[in-house]
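This one's a predicted model, so the numbers in the text were calculated from it and none came from an experiment.
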Amino acid sequence: MTDTNSGRDGRGASGTGGTRASEAIPGPGPGMAAERCAGGRPRGRRVAAASLVALAALATGCEPGTAEGAQDVAPPVRATQAAAPTPSPFLTAPAPTAEDAKPSTAPPPSPSASTAAPAPAPTTARPAPEPSTAPPPRVLMRTGSESERVRELQARLRQIGHFGRNPTGYYGSVTADAVRSFQAKRRLPVTGSTDAVTWQRLLAMTRVPTAAELDPPTERPVAAPDERCLKGRVLCISKKSRTLAWMNDGKVVSAMDVRFGSEYTPTREGVFEVFWKSRDHVSTLYDTPMPYALFFSGGQAVHYSADFAANGYGGASHGCVNVRDKKKVAALFDQVKNGDKVVVSW
């Protein structure tokens with residue numbers, strides 16, 4: 001165990017930089033024993049301290065151990081290998097890392113940085129809403145519908161200024177336009193059909209129509225009857241007021257709006273009689289329905305006209321007297337008899 005060529009750094013005494021053990025141990029001097037008992041390191045070069053630790057290890061056995069009186073002495077570190085960090089119970093902060101050692105390039109914090117408002121979090125674009133899969137509202141009335149509820153619809157629309165005519169009970173283009181006007185003003189889908197949403201909105205804005213609102217006599221005032229209408233059962237028809245009055249001995253039983261033929265197919269004027277009644281008549285000349293027809297002069301008759309109910313006075317007949325209120329003309333058809341007088345005047 002006296003071989004001095006087995007230094008702890010792995011190099012022999014004869015190699016470059018080698019140090020003999022006899023050179024590494026300092027000679028006795030004043031104060032050396034006191035420094036060793038206190039656990040301190042003898043003053044001198046680091047090589048001398050490493051040699052003392054090596055001799056202590058040789059004295060205790062094959063495995064490295066802690067020499068008595070040298071507990072605070074750290075084990076030697078090889079010159080060519082960095083020592084692994086040893087955790088210490090006295091350290092309260094982790095050892096600095098390589099990144100901690102790098103000089104920071106960030107500017108120093110502003111004096112007001114602690115009071116500055118935090119930067120707003122980045123916002124992400126909201127995804128586009130998916131199309132609604134809810135079924136559309138159920139349609140209650142549309143063009144071509146004909147019922148008492150259509151009559152109520154027209155009366156309610158007239159209450160708030162969207163329908164300017166008497167209710168007829170027929171859902172035509174005029175009624176569809178009135179519904180579109182109502183839907184547009186209330187920012188509802190403008191379809192012209194009355195769905196459940198449109199109907200509920202209209203009910204909330206209007207009152208229940210009276211009998212006079214549902215069945216007004218005529219849109220225009222009934223003209224003073226021709227003197228030929230004052231006796232007997234007479235269909236008294238005025239081109240001037242565009243009305244028909246069903247009269248019994250000078251008294252008006254019922255009245256309704258009517259329209260006439262164009263200048264190319266005019267309605268004949270004069271005194272006639274009803275000679276044929278046809279409830280579900282269809283024109284053989286024009287192939288168009290003529291319900292509740294009361295023929296009085298050749299092919300001219302008083303009858304219900306769906307076109308008149310839908311389009312109003314914008315159109316004309318081929319000479320017949322068109323009635324746009326189906327309910328009224330149906331009642332008239334049941335009351336009038338063959339042989340009753342018909343007076344058409346200006």
Side-chain angles (χ1 to χ4, degrees), residues 146-148 150-151 166-170 211-212 214-262 265-310 313 315-346:
E146 192 170 10
S147 65
E148 287 304 302
V150 173
R151 185 183 296 274
N166 286 347
T168 63
Y170 182 82
L214 291 171
D215 295 296
T218 56
E219 183 174 317
R220 299 166 182 262
V222 178
D226 187 283
E227 61 180 9
R228 295 171 291 182
C229 300
L230 299 178
K231 292 182 179 181
R233 297 160 56 92
V234 185
L235 290 173
C236 192
I237 302 168
S238 170
K239 286 186 174 181
K240 183 177 182 180
S241 64
R242 293 192 284 191
T243 59
L244 180 154
W246 167 233
M247 303 181 67
N248 280 335
D249 293 330
K251 294 181 180 180
V252 177
V253 178
S254 63
M256 56 205 73
D257 297 318
V258 293
R259 74 176 182 181
F260 307 97
S262 68
T265 56
T267 302
R268 290 185 282 273
E269 300 174 11
V271 180
F272 311 92
E273 290 184 356
V274 175
F275 67 90
W276 182 33
K277 295 172 59 175
S278 180
R279 185 180 296 273
D280 299 310
H281 191 79
V282 177
S283 172
T284 56
L285 183 61
Y286 300 104
D287 194 27
T288 56
M290 298 171 56
Y292 308 107
L294 301 169
F295 287 92
F296 61 87
S297 176
Q300 295 186 356
V302 174
H303 68 85
Y304 169 72
S305 170
D307 181 74
F308 182 27
Y313 290 101
S317 73
H318 294 98
C320 290
V321 179
N322 291 163
V323 181
R324 67 179 181 182
D325 193 321
K326 191 173 186 180
K327 181 180 178 181
K328 288 186 175 183
V329 73
L332 180 67
F333 182 87
D334 292 335
Q335 296 173 31
V336 173
K337 300 177 181 179
N338 288 337
D340 286 341
K341 186 188 295 186
V342 178
V343 175
V344 181
S345 63
W346 185 257

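A donor-acceptor contact shorter than 3.5 Å is absent between the side chain of Lys326 and the backbone of Thr168. Checked by atom type and distance alone, the side chain of Ser305 pairs as donor or acceptor with a backbone atom of Phe308 at under 3.5 Å. Arg233 places no side-chain N or O within donor-acceptor distance of the main-chain N or O of Asp340, the cut-off being under 3.5 Å. With hydrogens and angles disregarded, a donor-acceptor distance shorter than 3.5 Å links the side chain of Arg268 to the backbone of Ser297.
Two residues are said to be in side-chain contact when any heavy atoms from C-beta on lie closer than 4.5 Å; Leu332 and Val323 fail this criterion. Looking only at side-chain heavy atoms (C-beta outward), Phe260 and Val321 come within less than 4.5 Å of each other.
Under the ring pair (Phe, Tyr, Trp, His ring centres under 6.0 Å) criterion, Tyr304 pairs with no residue, sequence neighbours left out. Legend: residues meeting disulfide (SG to SG under 2.5 Å) with Cys236, ordered by chain and number and at least two apart, are Cys229. Every side-chain contact (heavy atoms from CB on, under 4.5 Å) that Ser241 has, sequence neighbours left out, goes to Ala223, Ser238, Thr243.
Electrostatic pairing of Asp334 and Lys277 does not count as a salt bridge here, judged by no charged N lying under 4.0 Å from a carboxylate O. Salt bridge status for Arg259 with Asp307: present, with a side-chain N to carboxylate O gap under 4.0 Å.
Once rounded to the nearest 0.5 Å, the distance linking CZ of Phe272 with CZ of Phe296 reads 6.0 Å. Distance check, rounded to the nearest 0.5 Å: CG of Leu285 to CE of Met290 gives 10.0 Å. Atom CG in Leu294 sits 13.5 Å away from atom CD in Glu273 (nearest 0.5 Å). Remark: Lys327 NZ to Leu214 CG distance equals 7.5 Å, nearest 0.5 Å. Note that the CG atom of Asn166 and the CZ atom of Arg324 stand 6.0 Å from one another [nearest 0.5 Å]. Rounding to the nearest 0.5 Å gives a distance of 12.5 Å between NE2 of His303 and CZ of Phe333.
Of all heavy-atom pairs between His281 and Ala293, the closest is CB-CB, 4.1 Å. Taking each heavy atom of Thr267 and Gly319 in turn, the nearest pair found is OG1-O, 2.8 Å. Minimum heavy-atom separation, Met256 to Ser254: CE-OG, 3.9 Å. Residues Phe275 and Gly298 approach most closely at CZ-O, 3.4 Å, considering heavy atoms. Taking each heavy atom of Tyr170 and Ala306 in turn, the nearest pair found is CE2-O, 3.6 Å. Across every non-hydrogen atom of Glu269 and Lys239, the tightest pair is OE2-NZ, 3.3 Å.
Aromatic ring pairs are classed by plane angle as parallel below 30°, tilted from 30° to 60° and perpendicular above 60°; the pair Phe295 and Trp276 is parallel.
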